Amino acid sequence: MEHADGITPRRRRVRPLPYVLLVPATAILGLMLGYPILRLVTLSLQKFGLKQQFGAAADWVGLKNFRSIFADAEFWMVLRRTVVFCAVNVVLTMVLGLAIAVLLKRLGSKMRLLVTLGLMLAWSMPALASTVIWQWIFDTQYGIANWALGRQGESWLSNPLTFYFVATIIVVWMGIPFIAFTLYAGLTQIPDEMMEAASIDGARPWQRFRDIVIPSLKPLLLILTSLSVLWDFRVFTQVYVLQRAGGITRDTNLLGVYAYRTSFGGNHFDKGAAIAIVMVTITVLLTVFYLRSMTKQEEL
Amino acid sequence: MTAALPPITPRPRRRGRNVWVNLLGLFVFAIAAFPVYWMVLTSFRRGVDVQKATPQFLPSPGTLNNYRKVFKRDFFWTAVKNSLTVTLIVLVAALFVAFLAAVAVSRFRFRGRRAFVIAILIVQMVPAEALIIALFRILDGWDLINSIIGLSLTYLAFVLPFTIWTLRGFVANVPKELEEAAMTDGSSRMRAFMTITLPLVAPGLVATGVFAFIQAWNEFIFALVVMNKPDKQTLPVWLQAFNEGAKGTDWGGVMAGSTLMAIPVVIFFLLVQRRVVGGLTAGAVKG
């Protein structure tokens, strides 16, 4: 640090207090997040299978694990599946979330309270409980979905496509409330005069939506979409639980579950770590995008 | 149709539209709330009623048997105890650690402050699911598999970024001038802080505390991997084991278990959600 401009010595002294206050947080984050990330990297560069789990020395193998997963057609299949699943879920969550936000704005106060209450219930449910409930709704024998659709004994979870249909319903059902509430809050910020002026000028509802609402919400939409992408990219619990209920795993793995199964099911911690690294890398790239849209919003 | 026509209103078109909007509202409410309703309803149903070909949508004379079964099931109370212990440890530790950090970031200007805040934001986005593998190896090396401490430490690390980020906003919203006024009246900095700032930040502490509680209470994947002995299971892992074991034959029991697991979360969530929502999009937060 330069002090050519004659700053008084008092200001130059480094005050230790803020650093002291940060010690516990930094220690825990370093130990339980920083170190695991580092360990993930080293695992992915070692040979780490069953033997190493029981104490054999782990040899360094360079990028061999990455080469082997990249050469595996299944990895690319899972990656593609994960991207498509994520995209479908994000689009559905955002579109329906925005529609419900607009609906909330239109509703009278009593109905709005009712809808808010319903969304809150859905939002507050633990992921595991939600998955188990939907599993019950789509149960082959007594599920209410089969009854409503008049299909007897339709087994939703044993076909990849219907499996993802159920998983998507769960993820979107859980994801919409947050999006809808946040966008509704954004909608209430748009001055009524602006909308009135536009309708006096003869703008149709659709035009007002396209030319006023969407541009006003754009920053918010950007942040929420990035967050949804990050969340839906890492979906785990829903897929894991449905797999356990349905029996097919190979055709329904998403990246997170795939890394987990490679490590704990197949005892290939090294390859599992390499897959996880790919997942983290993609997430970090997405996060950078998210942060850029967010830091434009406010000063850190 | 012989029904009487509705009386003519001054603005019939608007009326007509409102009916559609309200119907749509009802529809959204039904879709959102139905699964939760269905869970609670099923949890009070007798086995024979659950397995009826035509489902009944309204409450009928039910039974508490499903709940009795859950209470008597192996390891249920151990799981409750484990979940409560982990949750309380995480809650207290997260509040304490996050509060110190939040004060540092929002009350002081120092070298590295911006870097810390950005690191917090990035770290918040690291998918926990990807770290299981490494964390399992690490905890195994420290002999912390099937240990409440190991699981609590893990959860702590995962809730800290968000709790720091949210508390930072609450602390920043308390005007520094208030503290300074107290200090010119002769209070020490510490005293001024304890008597002025802390009470004003209390609602923020409650909100963030509940957030940490919910996270730790709901978490499934880490608990599944790290707590693999039956007597070490937390509630979600216990419920999933029950669910898998029942193989679709005891939906009443599984739904009773889900209801019991969800109740505390739903209550706490409804109490504080207003305060926490802002944190994620950070619109209300100023540093």
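All values derive from a computational prediction rather than experimental measurement. We name chains A, B, ... by the order of the sequence lines, and we start the count at 1 in each one.
At a 4.5 Å heavy-atom cutoff, the contact between B:Val28 and chain A is made by side-chain atoms alone. Proximity to chain A involves both the backbone and the side chain of B:Ala128, based on heavy atoms less than 4.5 angstrom apart. The parts of A:Gln53 that come within reach of chain B are both its backbone and its side chain, each placing non-hydrogen atoms under 4.5 angstrom from that chain. When heavy atoms are compared at a cutoff of 4.5 Å, B:Phe96 does not approach chain A at all. Of the atoms belonging to A:Leu43, it is side-chain heavy atoms, and not backbone ones, that fall under 4.5 Å from chain B. At a 4.5 Å heavy-atom cutoff, the contact between A:Tyr35 and chain B is made by backbone and side-chain atoms alike. Residue A:Leu40 touches chain B through both its backbone and its side chain, counting heavy-atom pairs closer than 4.5 Å. The parts of A:Leu119 that come within reach of chain B are both its backbone and its side chain, each placing non-hydrogen atoms under 4.5 angstrom from that chain. Of the two parts of B:Leu153, the backbone and the side chain both hold a non-hydrogen atom closer than 4.5 Å to a non-hydrogen atom of chain A. Heavy atoms closer than 4.5 Å to chain A are found in both the backbone and the side chain of B:Val50. If you measure heavy-atom distances from B:Phe57 to chain A, the contacts under 4.5 Å come from the side chain alone. Both the backbone and the side chain of A:Gln135 come within contact range of chain B, with heavy atoms under 4.5 Å apart. B:Ile214 does not touch chain A: none of its heavy atoms, backbone or side chain, sits under 4.5 Å away. When heavy atoms are compared at a cutoff of 4.5 Å, B:Thr54 approaches chain A by way of both its backbone and its side chain. If you measure heavy-atom distances from B:Leu224 to chain A, the contacts under 4.5 Å come from the side chain alone. For A:Phe269, the parts lying near chain B are the backbone and the side chain together; criterion is any non-hydrogen pair under 4.5 Å. Neither the backbone nor the side chain of A:Val284 comes within contact range of chain B; no heavy atom of the residue lies under 4.5 Å from a heavy atom of that chain. B:Glu244 touches chain A through its side chain: at least one heavy atom from C-beta onward sits under 4.5 Å away, while N, CA, C and O do not. In this structure, chain B has no heavy atom under 4.5 Å from any part of A:Leu255. Interface remark: B:Ile138 contributes side-chain atoms only to the contact with chain A (heavy atom separation under 4.5 Å). Residue B:Phe110 touches chain A through both its backbone and its side chain, counting heavy-atom pairs closer than 4.5 Å. Residue contact with chain B, scored on non-hydrogen atoms closer than 4.5 Å, involves the side chain of A:Ile100 exclusively. With a 4.5 angstrom heavy-atom cutoff, A:Trp147 touches chain B only via side-chain atoms.
When each of A:Ile144, A:Leu29, A:Val115 is checked for heavy-atom pairs under 4.5 Å with chain B, A:Ile144 comes out on top. Options A:Val280, A:Thr131, A:Leu114, A:Thr287 differ in how many heavy-atom pairs under 4.5 Å they form with chain B, and the most are formed by A:Leu114. With chain B as the partner, the residue from A:Ser44, A:Pro126, A:Ala276 showing the most heavy-atom pairs under 4.5 Å is A:Pro126. Between chain B and the residues A:Leu22, A:Leu104, A:Ile277, the largest count of heavy-atom pairs under 4.5 Å involves A:Leu22. Contacts with chain A were tallied for B:Val225, B:Thr154, B:Val126, B:Asn243; B:Asn243 has the most, counting heavy-atom pairs under 4.5 Å. Counting heavy-atom pairs closer than 4.5 Å to chain B, the top residue among A:Phe236, A:Phe264, A:Tyr142, A:Trp136 is A:Trp136.
Using cut-offs of 30° and 60° for the angle between ring planes, the B:Phe162 and B:Phe211 rings count as tilted.
Defined by atom type and a distance below 3.5 Å, a donor-acceptor pair is missing between the side-chain atoms of B:Arg45 and B:Thr42.
The closest donor-acceptor contact from the side chain of B:Trp217 to the backbone of B:Met261 lies under 3.5 Å.
Note that CZ of A:Phe138 is 8.0 Å distant from CD1 of A:Ile170, once rounded to the nearest 0.5 Å.
Side-chain contact between B:Ile221 and A:Tyr240: absent, with no pair of heavy atoms (C-beta onward) separated by less than 4.5 Å. Under the 4.5 Å side-chain criterion, counting only non-hydrogen atoms from C-beta, B:Val48 is not in contact with B:Lys52. Between B:Leu160 and B:Val97, some side-chain heavy-atom pair lies under the 4.5 Å cut-off.
Counting all heavy atoms, side chain and backbone alike, A:Thr283 lies closest to B:Met125 at CG2-O, 3.2 Å. The minimum heavy-atom distance linking A:Gly153 with A:Thr140 is given by the pair O-CG2, 3.4 Å. Nearest heavy-atom pair across B:Ser83 and B:Leu235 is OG-N, 2.8 Å.
A:Arg112 CZ: more than 12 foreign heavy atoms inside a 6.0 Å radius. Under a cut-off of 6.0 angstrom, the local environment of CZ in B:Phe27 is sparse, with at most 12 non-hydrogen atoms contributed by other residues, nucleotides or ligands.
Here B:Phe34 and B:Phe29 keep their ring centres 6.0 angstrom or further from each other. The aromatic ring centres of A:Phe181 and A:Trp123 sit less than 6.0 Å apart. The ring of B:Phe222 has its center no closer than 6.0 angstrom to the ring center of B:Tyr155.
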* To do: For the pair B:Met255 and B:Asn66, evaluate side chain to side chain contact (heavy atoms under 4.5 Å, CB included) and give the outcome as yes or no after the intermediate values.
  => CA-CA 8 Å; B:Met255 288 302 119; B:Asn66 296 320; over 6 Å; no
